[in-house]
Amino acid sequence: MASVLVVEDDQFVRSALIRHLSDASHTVRSVGTALEALREVAHFRFDVVILDLGLPDLDGSEALKMLRGITDVPVIIATARDDETEIVRLLNDGADDYLTKPFSVEHLSARMAAVLRRSRGSGSGTGEAAPRQVLQVGGLTVDPLRRQAELDGARLDLTRREFDLLAFLAGRPGVVVPRKELLAEVWQQSYGDDQTIDVHLSWLRRKLGETAANPRYLHTLRGVGVKLEPPL
Ligand code: CA
């Protein structure tokens, strides 16, 4: 249970978010402009802010900077912009995580849970940055916040999608993730052909220095899904 501020000017998206968050027993307040958001965080304590980037009054990155000027509340950016440079900049400017629209409720819940875990885990709340959650699977290290991955100490040069795929799987080591879930969570599509996943898997596999015939980390279970686990 968390106290959430939704900053979103699209009435439809906003109502849907409020409904889903309330259903999940969160306390929700919502506003449609950046200035209202600033007023809210100045008056109330929130556990997390979900900030739409396309607001009518201020550019999202301006809004984020102003929020950061008065509070260290965790901020999840919700953006229709699928622009890696922009997202990296926002993360550097103090956003805790981001979601690319359209996103599923499950995806939002997972990101919120992770952000809350980090902020609550950091304890004292003295304004220090929350510790980064770095994922470690065998010799593989994945840092979702810095969007960097290493294998046995060597930096992997991954595309955005390859990184998302690897990070998603590394967050669930040893778990078989169904293809449908990968499509929904990594590609944010409710449908698609298996080839999309296969192609990215094979690229990722090559970068990990393995093949489908001789897997080390990435295991495909035909007709079921994919799992990532440390080599035996
Ligand atoms: Ca908007």
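Numbering of ligands and ligand atoms starts at 1, following listing order.
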For the Ca ion (ligand 1), report each protein N, O or S atom nearer than 3.0 Å, sorted by chain and then by residue number.
D9 OD1, D52 OD2, G54 O
Across all chains, not counting sequence neighbours, the salt bridge (charged side-chain N to carboxylate O under 4.0 Å, His left out) partners of D198 are R179
So, R172 and E185, do they make that salt bridge, N to O below 4.0 Å?
no
Of all heavy-atom pairs between A167 and L135, which one has the smallest distance, and what is that distance?
O-CD1, 3.7 Å
Tightest non-hydrogen contact, residues L165 and V186, listed as N-CG1, 3.8 Å
Would you call D96 and R68 a salt bridge, using N to O less than 4.0 angstrom?
yes
Is any side-chain N of the basic residue among D52 and R14 closer than 4.0 Å to the acidic one's carboxylate O?
no
